[in-house]
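So you know, we letter chains A, B, ... as the sequences are listed, proteins then strands, and number each from 1.
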Amino acid sequence: MSEKTFIETVKLNDMQEAAVYKTEGPLLVLAGAGSGKTRVLTHRIAYLIKDKGVMPYNIMAITFTNKAASEMRERVDKIVGSGADQIWVSTFHSACVRILRRFITEIGYSRDFVIYDADDQKRVIKNIIKQMNLDPKMFKEKGIAAKISDFKNKLMRASDVREQAEFDFKKKVVADIYTEYQRVLKQNNALDFDDLIMKTVELFAKNPIILAYYHDQIKYLMVDEYQDTNMAQFKLIRQLASGSNNICVVGDDDQSIYKFRGADIRNILEFEKQFPGTTVIKLEQNYRSTKTILEAANAVIHNNVGRKDKTLWCDNEEGKKIDVYQANDAYDEASMIAGEIQDKVDNGQADYNDFALLYRTNAQSRALEEKLMMKNIPYKIIGGQNFYQRREIKDILAYLRIIANSTDDLAVERVVNVPKRGIGQTTVGKAVDYARANSMNLYDVLLDASNVSELSRASAKIRSFTDIIEKLRTQLAQISTNEDITLKTIVDELLELTGYIRELHAEETDEAEARVENISELITKIAEYEKEHEEPNLAEFLEEVSLVSDIDTMDEDSSYVVLMTVHSAKGLEFPYVFLCGMEDGLFPGYMSIMAEEPDELEEERRLAYVAITRAMKHLTISYAKQRMIRGEVNYNMVSRFVKEIPRNIVSSKNVTSTLAAGRGQGAYGTNNYGSVPTKRYTSGGTSSYTSKPKNTFGTGKKPTFGKQFTVTKADIDYTVGDRVSHIKFGQGTVKNIENGPRDYQVTVEFDDFGQKMMMASFAKLKKL
DNA sequence: TGGTAAGTAACCAAG
DNA sequence: TTACTTACCA
């Protein structure tokens with residue numbers, strides 16, 4: 001760290017600076033929440049390029065989401081001006097795809113492989129279980145999929161599992177399923193997510209020359225969110241770093257929250273052992289949150305035993321106390337939150353995108369969504385079901401996959417009878433059997449159906465399917481020569497030939513209409529892709545799509561409240577955070593309370609720590625006295641994590657509403673709180689009980705279709721005086737339309753709900 | 001073969 | 001509560 005010519009250093013503190021200048025050799029940066037680790041990474045890259053003269057393409061940075069990757073690239077770009085596009089910034093998965101697309105033939109796969117998601121995996125496993133005549137009660141596809149994933153994260157092949165199983169019957173069967181699973185994937189020319197990492201490690205292990213090629217390229221390697229890497233990822237990093245030994249990892253053991261999917265905290269705790277000569281730098285100054293929020297976070301996380309000792313501090317203002325609300329049920333909780341948001345926005349204190357609603361489980365989004373919709377607050381739900389996992393989208397993509405890759409049997413199985421064309425289970429079963437018996441691809445069997453006696457009766461129907469595929473394939477082949485044909489026109493044609501949209505319209509339900517909208521969104525995405533790429537390529541599009549996570553679609557510039565799980569929120573920050581459903585049994589989850597190992601509870605506590613530290617200005621915590629879970633009403637106590645927050649920085653309140661009123665006493669001051677805990681764990685046992693279903697106060701309405709609401713200026717086809725319908729409020733008459741800065745403000749007099757003012761793009765009004 | 005009714009398992013988190 | 005599977009009939 002000799003020369004400090006770098007302009008930006010003025011903005012960095014000593015520790016951050018040290019991390020930026022320590023470019024050679026292994027470096028472990030233990031970066032507490034909000035301590036500016038992204039800033040360190042971006043400045044480090046900028047320093048390498050500007051001051052050390054390192055070529056951008058000699059730098060690689062690995063992140064967990066595409067969003068983090070593109071942000072990093074943007075920020076580096078701002079500092080260095082140009083060349084940032086040549087830095088290899090990507091997620092583990094896309095980096096591996098890129099490597100495998102080039103070299104996977106070396107380990108016996110074909111370069112045009114497709115990527116199977118969780119849904120595809122389950123289908124494959126389900127087929128195998130059926131085919132092996134196993135008891136589906138004992139072998140559930142989800143459980144098996146999780147096991148296989150675990151094995152792969154530990155780089156164990158099926159043969160390794162089998163060896164290890166010895167006389168363990170069940171494990172042996174699992175090994176057999178795993179073996180067959182790999183065979184099917186290979187036959188379908190497919191890799192699953194875990195394969196992407198594992199096969200890359202395998203490739204490098206088998207082929208030092210290829211690894212050397214990457215060593216030549218990657219002189220400086222950086223890894224973000226290192227605490228969440230699993231064993232396979234660790235091996236990969238070690239392989240890549242073994243060339244230059246310039247490896248910098250950034251992470252925080254207190255924010256390790258992905259143990260359940262194989263993350264191994266030892267990767268960060270034992271980094272120094274794995275990379276001798278490591279420099280360790282701790283970033284403990286928080287720039288994100290108020291003193292109050294930080295104090296709460298520290299108080300909570302200090303109850304964990306297995307952690308590297310450190311304490312975050314900050315120079316920021318004291319800030320307001322943390323609000324803790326007791327609500328009667330999830331609907332009260334949601335109303336309270338929606339009300340608070342609306343107040344702050346109306347006062348001009350905040351914009352919608354300053355708010356995040358965080359919860360432990362995706363199911364909690366329902367009540368919140370409903371109340372937000374009631375109040376016309378624009379929102380976006382992140383996670384749960386990803387856009388590309390929706391049924392209609394997967395159907396269309398399956399067609400595209402077949403067109404692009406005829407060996408993808410799974411895709412064929414999925415849509416051969418979608419929309420219905422009279423090809424039933426029996427027929428598909430026969431075709432699958434025939435294909436297996438003759439080691440053919442399913443699609444080739446279908447093509448030849450008229451010559452297969454078992455299929456002759458259905459051959460006309462099968463023909464109607466293969467004709468579509470063949471026609472589209474011909475078009476795809478002409479895509480580069482005939483300028484009238486584009487990916488978009490192929491999809492249009494696909495929808496036309498299959499009648500997919502017509503079917504949906506015929507249903508005449510809101511849900512079907514939402515699906516139609518999703519499909520048009522998909523078409524838009526395809527068109528965008530084509531615009532962005534010189535030589536659009538269907539396989540490449542499918543690949544991009546399969547690696548998109550839901551968080552990648554979040555857009556800070558749009559004005560909406562975001563709803564997501566605490567897991568999804570890792571790495572993000574928001575001025576105002578609502579942490580909902582803080583009840584023992586929900587957060588921490590029932591399973592972790594019951595677990596014998598304290599590890600599980602500690603992971604939940606880290607999760608709570610992550611949640612609290614997302615907040616910049618103010619944190620509101622809420623819990624409900626009763627909550628409906630799976631049709632049963634649960635009565636839970638306030639979360640033990642809330643009790644771990646010092647009382648003097650908490651302001652507890654009761655949510656009063658027509659429903660809660662009269663139900664008596666105070667929020668968490670009186671009934672549930674007990675004494676301020678100073679000891680590690682509060683008294684054991686379960687603090688929640690469940691009653692049989694009884695009358696619920698909920699409205700019984702369900703606003704949730706696939707579609708979500710984002711704010712882009714809408715095209716509106718109605719004017720003042722028109723009759724319109726709203727998804728929730730029913731019919732009404734348009735009273736006024738104002739052209740606002742971002743969107744049209746529409747005032748509608750609803751027949752049943754009175755006058756409402758709403759944003760056009762959000763309200764999705766339909767002209768009648 | 002496909003539609004509907006009844007039955008049942010699932011909600012813990014994600015790429 | 002909801003989504004998905006199984007059972008039975010047209």
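- OP1 or OP2 of B/dA14 sits under 4.0 Å from a side-chain N or O of A/Ser568.
- As rounded to the nearest Å, B/dA13 and C/dC4 have P atoms that lie 16 Å from one another.
- A/Arg261 is linked by a side-chain hydrogen bond (donor to acceptor under 3.5 Å, both in side chains) to nothing, counting only residues two or more places apart in sequence or in another chain.
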Below 3.5 Å is the cut-off: list the nitrogen or oxygen pairs between protein and nucleotides 2-7 of chain B, distance only.
residue, atom, partner, partner atom, Å
B/dG2, OP1, A/Gly422, N, 2.9

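- Shown here are the side-chain hydrogen bond (donor to acceptor under 3.5 Å, both in side chains) partners of A/Lys570, two or more places apart in sequence or in another chain: A/Asp228.
- In this structure, A/Asp150 places its CG atom 13 Å from C1' of B/dA14, rounding to the nearest Å.
- Sorted by residue number, the members of residues 257-267 of chain A with any non-hydrogen atom under 4.0 Å from DNA chain B read A/Tyr258, A/Phe260, A/Arg261.
- A cation-pi arrangement is not found for A/Lys199 relative to A/Tyr109, the charged atom failing to lie both closer than 6.0 Å to the ring centre and inside a 45° cone about the ring normal.
- Rounded to whole angstrom, the span from the CE atom of A/Met628 across to the C1' atom of C/dT2 amounts to 12 Å.
- A salt bridge does not link A/Arg123 with A/Glu141: every distance from a Lys NZ or Arg NE/NH1/NH2 to an Asp or Glu carboxylate oxygen is 4.0 Å or more.
- Between A/Glu544 and A/Lys525 there is no salt bridge, since no side-chain nitrogen of the basic residue lies less than 4.0 Å from a carboxylate oxygen of the acidic one.
- For DNA chain B, the stems formed by at least three consecutive Watson-Crick or G-U pairs, with both atom-pair distances below 3.5 Å, span B:1-10 with C:1-10.
- One can find a donor-acceptor pair under 3.5 Å joining the base of B/dG15 and the side-chain atoms of A/Asp194.
- With sequence neighbours excluded, the residues that form a ring pair (Phe, Tyr, Trp, His ring centres under 6.0 Å) with A/Tyr226 are A/Phe271.
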**Complete:** Per-nucleotide protein contact along nucleotides 5-10 of chain C, 5' to 3', at a 4.0 Å heavy-atom cut-off (B base, S sugar-phosphate only, - neither), is S-----
What does the list of N/O pairs under 3.5 Å between the protein and nucleotides 8-12 of chain B look like, with a distance for each?
residue, atom, partner, partner atom, Å
B/dC11, OP2, A/Lys142, NZ, 2.8
B/dC12, O2, A/Arg360, NH1, 2.9
B/dC12, O2, A/Arg360, NH2, 2.5

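- Considering only the side chain of A/Phe193, B/dG15 comes nearest among C/dT1, B/dT1, B/dG15.
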Please tabulate, one pair per line, all N/O donor-acceptor pairs under 3.5 Å involving side-chain atoms of residues 418-429 of chain A, not counting sequence neighbours.
residue, atom, partner, partner atom, Å
A/Arg421, NH1, A/Tyr399, OH, 3.3
A/Arg421, NH1, A/Val415, O, 3.1
A/Arg421, NH1, A/Val416, O, 2.7
A/Arg421, NH2, A/Tyr399, OH, 2.7

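- A cation-pi arrangement is not found for A/Arg640 relative to A/Phe587, the charged atom failing to lie both closer than 6.0 Å to the ring centre and inside a 45° cone about the ring normal.
- Spacing between atom CD of A/Gln233 and atom C1' of B/dG15 amounts to 9 Å, rounded to whole angstrom units.
- Atom pair A/Gln389:CD and C/dC4:P shows a separation of 12 Å (rounding to whole Å applied).
- Rounded to whole Å, atom P of B/dA13 lies 18 Å from atom OH of A/Tyr590.
- Look at CD1 on A/Ile381: it is 13 Å from P on B/dA14, rounded to the nearest Å.
- At whole-Å resolution of the value, CG in A/Asn230 and C1' in B/dA13 are 15 Å apart.
- No side-chain donor from either of A/Asn304 and A/Tyr609 sits under 3.5 Å from a side-chain acceptor of the other.
- In this structure, A/Phe234 has no ring pair (Phe, Tyr, Trp, His ring centres under 6.0 Å) partners at least two apart in sequence or on a different chain.
- A/Trp88 does not carry A/Arg73 over the face of its six-membered ring by the limits of under 6.0 Å from the centre and within 45° of the normal.
- Between the side chains of A/Asp112 and A/Asn189, at least one donor N or O sits under 3.5 Å from an acceptor N or O.
- Between A/Asn386 and A/Gln389, the side chains place no donor N or O within less than 3.5 Å of an acceptor N or O (distance only, hydrogens not considered).
- For A/Ile115 and B/dA14, the CD1 to P distance is 20 Å, given to the nearest whole Å.
- Within the 4.0 Å cut-off from OP1 or OP2 of B/dT1, at least one side-chain nitrogen or oxygen of A/Thr427 is found.
- With sequence neighbours excluded, the residues satisfying ring pair (Phe, Tyr, Trp, His ring centres under 6.0 Å) with A/His567 are A/Tyr258, A/Phe260.
- With sequence neighbours excluded, the residues forming a ring pair (Phe, Tyr, Trp, His ring centres under 6.0 Å) with A/Tyr529 are A/His533, A/Phe541, listed by chain and number.
- Taking the nucleotide of DNA chain B with the nearest heavy atom to each of A/Val428 and A/Leu547, the more 5' of the two is matched to A/Val428.
- Under a cutoff of 6.0 Å and an axis angle of 45°, A/Lys235 and A/Phe204 do not form a cation-pi pair.
- Using a 3.5 Å distance cut-off with no hydrogens or angles, the side chains of A/Tyr500 and A/Asp395 do pair a donor with an acceptor.
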